[in-house]
Amino acid sequence: MEKNFDFARAEAEINKKWLESDMFNVKIDKSKKPFTIIMPPPNITSRLHIGHAFDLTIQDAIIRFKRMQGFNALLLPGADHAAIATEVKVVEELRRQGIEKSSLTKAEFMKHIHKWYEIYTAEIRGQMEKLGLSCDWSRFSFTMDTGTTKAVNTVFHSLYNKGLIYQGERMINYCTTCQTALSDAEVEHSTRGQQLYNIMFPFVRDEQNGVTIATVRPEVIFGDAAIAVHPGDKRYKNLIGKMVYIPLTDIKIPIIADEIVDKKFGTGILQITPAHSHADFDVAKKHGLDYYKIFDAKGTLIGDRVGEFGGMTIPNAREAVITKLKVQGLLKGQKNRQSNIGECYRCKNIVEPALSNQWFMAMSDLAKPAIAALKSGELKLVPKKFEKVYLHWLNNIKDWCISRQLTSGHKIPIDGVEDVLDTWFSSALWPFSTLGWPNDSADYKYFYPTDVLVTAYDIIFFWVIRMVFSGIEHTGKLPFNTVLLHGLVRDKDGKKMSKSLGNGIDPLDVINEFGTDALRFSLIVGTKLERDPRYSLDKAVLARNFINKIWNAVKFYLAFGQDKETNEIDWCEFGIADKWIMTKFNNVVKSVIKKYEKYDFGVAANELQSFFWNDFCDWYLECVKVSENKQTSLAVFRYVLFAFMKLVHPIMPFVTEEIFCNLNKVTTISFEKFPEFSKSSTYPKEKRKFDDVVEVIQLLRAQKGVQSAILDGDLVREKAIIEKLGAIKIEFGMVDDPDFVTKIAKIRINIDEAEKQKQISKLKSEIERGERMLGNVNFVAKAPSEVVAEEQEKLASNRKLLAQLQGGAK
RNA sequence: GGGAACAUAGCUCAGUUGGGAGAGCUCUCGCCUUACAAGCGAGCGGUCACAGGUUCGAGCCCUGUUGUUCCCACCA
């Protein structure tokens with residue numbers, strides 16, 4: 001056997017076996033219950049990052065666990081065309097080759113897009129394979145394949161015919177860099193420092209008498225339809241109804257009163273720019289004001305109102321307007337201010353609110369059943385804390401702007417319409433479009449609705465909610481019954497991993513250096529779903545060390561026990577250590593199953609590691625070496641070792657497959673029955689006694705330089721274990737003058753008096769504590785009787801031990 | 001402005017319905033003990049953020065305070 005686990009060799013061999021045998025491709029079998037996870041399709045715009053690795057590991061762990069529990073488990077893989085993001089990438093790539101998108105026809109550009117699809121879909125798939133995912137590759141789906149297109153068109157027409165998709169001129173968010181409309185969910189908010197300008201709107205053209213407004217966007221004054229003050233603002237009461245000039249123009253606009261104005265902000269006077277502000281749009285509607293669009297899709301100023309500034313970009317126009325206002329004396333001040341800005345989630349540039357003709361999905365009717373599904377408990381979010389987020393968003397939902405002015409993506413299926421659909425439109429159908437819907441396919445009938453959706457919490461709005469209402473609307477069923485929302489992987493300091501910060505860790509680098517199992521285990525161990533996990537290479541090192549520990553335990557078995565192979569374990573032959581490890585192991589099985597069922601893999605991984613390292617290797621393996629009945633102990637060792645392989649297999653598929661298959665001469669561990677708790681294999685009495693033996697050994701080990709001891713206690717059968725693990729010679733005999741006392745032995749080892757006094761004072765304080773508690777009448781009267789009884793026992797036991805120690809010290 | 005989460009050892013985190021504060025890493029000391037130095041053994045280390053309350057009993061439940069993080073929102 002190799003000195004260490006050669007993960008590179010083993011992973012390559014095992015992956016080849018898995019892929020060639022198609023063993024994870026699922027056959028529809030009505031006698032078996034399906035368990036289905038549809039994988040969130042990664043965007044084909046980049047390599048898989050650490051967040052994908054985390055997300056995919058969780059999914060695969062669930063699927064492997066369920067498969068071993070006997071479910072017909074399907075993990076359906078896929079990739080997303082990510083229209084807007086991919087298009088940016090392709091344009092960049094073409095530019096590197098010296099080609100401008102504008103020089104290409106639409107068809108030519110689409111050729112490049114399709115080539116990208118092809119190359120990067122394969123690339124993503126290769127990376128997924130490296131992660132050891134037990135996917136059904138025969139069902140691999142892409143969001144631009146014909147099945148998805150059919151689903152998209154069907155859904156579009158269905159909603160259109162019901163009047164739930166409509167076209168109209170509305171205020172939307174427009175990214176002038178990506179040159180497309182965005183949905184509300186695609187706008188992020190951040191705080192930026194901006195200049196706040198005070199600008200005077202004069203009563204008489206070019207004169208220094210007027211009203212002064214405050215704005216961070218001086219260039220939009222040309223789009224103003226009115227000036228507004230608060231109706232209750234005494235300072236400006238007499239202004240209402242008067243007319244002012246827009247500075248630098250001949251345009252006159254009225255002063256109106258509206259409660260939207262914050263009296264305390266700036267000068268307390270607000271410009272109303274209906275075509276370029278969400279809030280102002282509503283005000284204009286209310287007051288019957290006109291809309292004036294003053295810049296186009298590229299962010300260039302246009303129209304009669306902008307005068308000499310026509311043709312300028314927004315930033316240029318801003319500068320020019322300010323310069324001119326200064327000359328005219330209409331700039332009445334400026335200061336720096338932190339304000340909240342909408343940004344495009346893709347390119348991070350400032351989003352312009354704009355009046356635009358777009359396609360929308362009417363949301364209020366679709367939202368209602370999605371709200372009801374959560375409230376009724378039919379849909380479960382794990383962890384629960386996201387339920388409020390989900391409900392708040394749906395309760396305040398606005399119509400969804402679904403049209404995009406991009407070249408690639410799903411076309412809006414209406415003749416003559418050039419726009420494409422939001423990439424999330426097709427994503428919303430993913431749980432059923434991947435299974436053949438709208439066809440009445442066998443897959444759809446067997447696997448739908450799916451079981452659990454696993455994804456990070458940051459796409460609840462983009463994706464999760466939209467799948468929920470789409471599933472209900474189009475299939476009449478929830479697309480999944482549980483949504484598992486995990487955190488975002490951060491660096492060791494809790495910061496978001498990003499290219500610009502340079503703190504990112506490439507999962508493929510970790511795989512190359514430490515192996516896939518180490519990556520998977522290190523991503524999962526010690527994490528809780530509620531929190532964002534922190535990741536650093538230290539964790540991969542620790543995981544690698546754990547794998548090495550497992551490997552070496554197997555080497556031990558092969559060196560000492562291979563020839564003594566037996567499948568039948570005779571429990572009558574069990575020694576105390578055998579019974580101890582069987583008990584401990586069964587408790588771990590029980591606990592791990594419970595945690596896996598709750599998808600709490602992080603704590604389960606911790607438990608598995610600590611059991612294997614501390615209990616199985618540190619204690620049991622050493623006991624096997626000196627076992628009275630070596631054959632039985634080796635059989636127990638083998639049993640626990642292999643059952644343990646099954647327990648960790650969902651998290652670390654490769655090393656467990658390698659060990660299990662090689663030693664058992666079987667093809668795979670993947671379809672082995674998952675271990676179950678067996679009460680008849682637990683021995684509480686022997687476990688307690690061995691725990692006491694452990695205490696004696698630890699006590700002896702702590703005595704530096706002591707080579708022998710006299711024990712007074714019923715420990716004859718444990719002599720070999722105590723001598724071996726305690727590295728000490730022991731004799732049995734009466735000990736009237738012990739140096740140490742434990743529940744099962746009085747110990748004499750010639751130590752100095754100070755050590756003994758330490759133990760005495762410790763016991764005394766324990767006794768004091770017990771006396772204090774039991775002396776409290778309220779405690780005795782109100783605490784549960786078993787708690788009181790426990791304290792009484794402890795007190796009696798401690799008194800006895802103290803008497804033994806002091807009895808000898810006289 | 002509205003909402004959510006978090007605060008436990010130097011670091012990363014556990015702590016199940018309230019019943020004597022735990023693990024791993026780090027650090028110190030001793031070990032190449034025949035599976036493993038990617039290892040073994042023994043230690044050091046905590047006012048469970050702060051202040052109240054409920055309770056016989058609070059890391060856990062309630063209220064407030066402080067700090068950190070995140071989400072939502074049309075403050076120009």
Side-chain angles (χ1 to χ4, degrees), chain A residues 1 3-5 171 184 188-189 194 196 213-217 220 228 260-262 264-273 277-283 337 339-340 342 353 383 385-386 388-389 392-393 396 457-458 460-461 487-488 490 492-494 514 525-528 530-536 538-539 541-560 591 594-595 602-603 606-607 609-610 613-614 617-618 621-622 625 697-698 701-705 724-727 766 769-770 773 776-784 786-788 790-791 794:
Chain A
M1 195 166 169
K3 182 174 188 295
N4 304 108
F5 177 49
M171 282 302 294
D184 294 336
E188 290 177 349
H189 294 88
Q194 288 196 309
L196 180 69
I213 60 111
T215 181
V216 294
R217 304 170 72 202
V220 302
I260 192 181
V261 182
D262 179 354
K264 288 184 215 113
F265 186 91
T267 58
I269 307 176
L270 177 67
Q271 63 174 341
I272 303 296
T273 322
S277 156
H278 293 283
D280 294 2
F281 181 81
D282 294 339
V283 174
R337 181 174 185 274
S339 57
N340 216 341
K385 68 174 178 181
F386 292 111
K388 275 191 182 176
V389 178
H392 181 262
W393 200 73
N396 294 282
Y457 62 73
D458 62 341
I460 294 178
F461 308 134
L488 306 169
R490 294 173 183 277
K492 64 178 163 53
D493 301 315
F514 301 102
V525 71
T527 60
K528 280 225 103 187
E530 283 84 351
R531 300 166 73 128
D532 288 347
R534 296 184 181 199
Y535 194 77
S536 67
D538 302 348
K539 290 196 175 178
V541 172
L542 294 172
R544 190 269 319 262
N545 293 355
F546 177 44
I547 292 165
N548 185 51
K549 191 77 182 175
I550 295 174
W551 193 254
N552 275 292
V554 174
K555 269 163 68 181
F556 165 80
Y557 174 71
L558 290 179
F560 290 87
S591 166
K594 198 171 149 194
K595 295 193 166 76
V603 177
N606 259 339
E607 254 174 63
Q609 181 174 10
S610 130
W613 204 309
N614 305 127
C617 290
D618 289 349
L621 187 149
E622 295 298 328
K625 289 178 182 171
I697 292 170
Q698 285 179 325
R701 278 172 176 171
Q703 310 311 314
K704 305 262 161 79
K724 166 81 175 157
L725 275 67
E766 288 290 307
R769 174 186 171 275
M773 283 187 82
N776 180 346
V777 282
N778 283 325
F779 172 72
V780 178
K782 294 184 182 176
E786 58 276 15
V787 175
V788 175
E790 199 185 316
E791 283 302 326
K794 272 190 278 188

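This is a predicted model, so every value here is computed, not measured. Just so we're on the same page: letters track the sequence lines, and every chain starts at 1.
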Using atom [atom1] of each nucleotide, how far apart are [N] and [M] to the nearest Å?
N: B:rU66; M: B:rG20; atom1: P; result: 34 Å
N: B:rC70; M: B:rG15; atom1: C1'; result: 25 Å
N: B:rC62; M: B:rC44; atom1: P; result: 36 Å
N: B:rC75; M: B:rU12; atom1: P; result: 35 Å
N: B:rA51; M: B:rA37; atom1: P; result: 49 Å
N: B:rC11; M: B:rC32; atom1: C1'; result: 30 Å
N: B:rG10; M: B:rC27; atom1: P; result: 15 Å
N: B:rG46; M: B:rG52; atom1: P; result: 23 Å

Of the nucleotides [options], which has the atom closest to the [X] side chain?
X: A:F560; options: B:rA35, B:rC56, B:rG24; answer: B:rA35
X: A:N548; options: B:rC70, B:rC56, B:rC36; answer: B:rC36
X: A:E622; options: B:rC56, B:rC36, B:rA73; answer: B:rC36
X: A:N552; options: B:rC36, B:rC74, B:rA76; answer: B:rC36
X: A:K528; options: B:rG15, B:rA35, B:rG24; answer: B:rG15
X: A:H392; options: B:rC72, B:rA42, B:rC40; answer: B:rC72
X: A:A783; options: B:rC56, B:rA73, B:rA35; answer: B:rC56
X: A:F461; options: B:rC56, B:rC72, B:rA35; answer: B:rC72
X: A:H278; options: B:rG41, B:rC74, B:rA14; answer: B:rC74
X: A:D262; options: B:rA14, B:rA76, B:rC40; answer: B:rA76

A:K555 atom NZ: more than 12 heavy-atom contacts under 6.0 Å: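 Counting other residues, nucleotides and ligands, NZ of A:K555 exceeds 12 neighbours.
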Counting any heavy atom closer than 4.0 Å, what does [X] reach on the DNA or RNA strands: base, sugar-phosphate only, or nothing?
X: A:R769; result: base
X: A:K724; result: nothing
X: A:R544; result: base
X: A:K782; result: base
X: A:N340; result: base
X: A:L621; result: base
X: A:S536; result: nothing
X: A:G266; result: nothing
X: A:P784; result: base

N-O pairing of A:E622 and A:K625 below 4.0 Å: yes
Show the distances under 3.5 angstrom between N or O atoms of the protein and N or O atoms of nucleotides 66-68 of chain B.
none

How far apart are the closest heavy atoms of [X] and [Y], and which atoms are they?
X: A:H189; Y: A:G342; value: CD2-CA, 4.3 Å
X: A:C617; Y: A:K549; value: CB-CE, 3.7 Å
X: A:N606; Y: A:V525; value: OD1-CG2, 3.4 Å
X: A:W551; Y: A:K3; value: CD1-O, 3.5 Å
X: A:D280; Y: A:Q271; value: OD2-O, 3.3 Å
X: A:E607; Y: A:K595; value: OE2-NZ, 2.9 Å

Rounded to whole angstroms, how far apart are [atom1] on [X] and [atom2] on [N]?
X: A:F546; N: B:rU12; atom1: CZ; atom2: P; value: 23 Å
X: A:D493; N: B:rU12; atom1: CG; atom2: P; value: 8 Å
X: A:D532; N: B:rU12; atom1: CG; atom2: C1'; value: 14 Å
X: A:K492; N: B:rU26; atom1: NZ; atom2: C1'; value: 14 Å

Evaluation steps, salt bridge (Lys or Arg N to Asp or Glu O under 4.0 Å), between A:K794 and A:E791: CA-CA 5 Å; A:K794 272 190 278 188; A:E791 283 302 326; 3.3 Å; yes
Reported CD-to-CZ distance for the pair A:E530 and A:F386, which is rounded to 0.5 angstrom: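 Answer for the CD-CZ pair, A:E530 versus A:F386, is 8.5 Å.
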Separation between CG of A:N4 and CG of A:N552, rounded to the nearest 0.5 Å: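 Those atoms lie 7.0 Å apart.
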Polar pair under 3.5 Å, donor/acceptor by atom type, side chain A:E766, base B:rG20: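 Such a pair exists between side chain and base.
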N/O donor-acceptor pair, side chain A:K794 with base B:rG20, under 3.5 angstrom: yes
Just wondering, do [Y] and [X] contact through their side chains at under 4.5 Å, heavy atoms?
X: A:F461; Y: A:V389; answer: yes
X: A:F514; Y: A:L542; answer: no
X: A:D618; Y: A:W613; answer: yes
X: A:V554; Y: A:M1; answer: yes
X: A:I460; Y: A:W393; answer: no

Answer yes or no: does a side-chain N or O of [X] lie under 4.0 Å from OP1 or OP2 of [N]?
X: A:R531; N: B:rA14; answer: yes
X: A:W613; N: B:rC36; answer: no
X: A:N545; N: B:rG39; answer: yes
X: A:K625; N: B:rA35; answer: yes
X: A:K555; N: B:rA35; answer: no
X: A:R337; N: B:rA76; answer: yes
X: A:K385; N: B:rA5; answer: no
X: A:R534; N: B:rC13; answer: yes

Range-with-range stems of RNA chain B (Watson-Crick or G-U pairs under 3.5 Å, three or more in a row): B:1-7 with B:66-72, B:10-13 with B:22-25, B:27-31 with B:39-43, B:49-53 with B:61-65
Give each protein N/O atom lying under 3.5 Å from an N/O atom of nucleotides 43-48 of chain B, with the pair distance.
none

Upstream residue (5' side of RNA chain B) when A:T215 and A:D538 are each assigned their closest nucleotide: A:D538
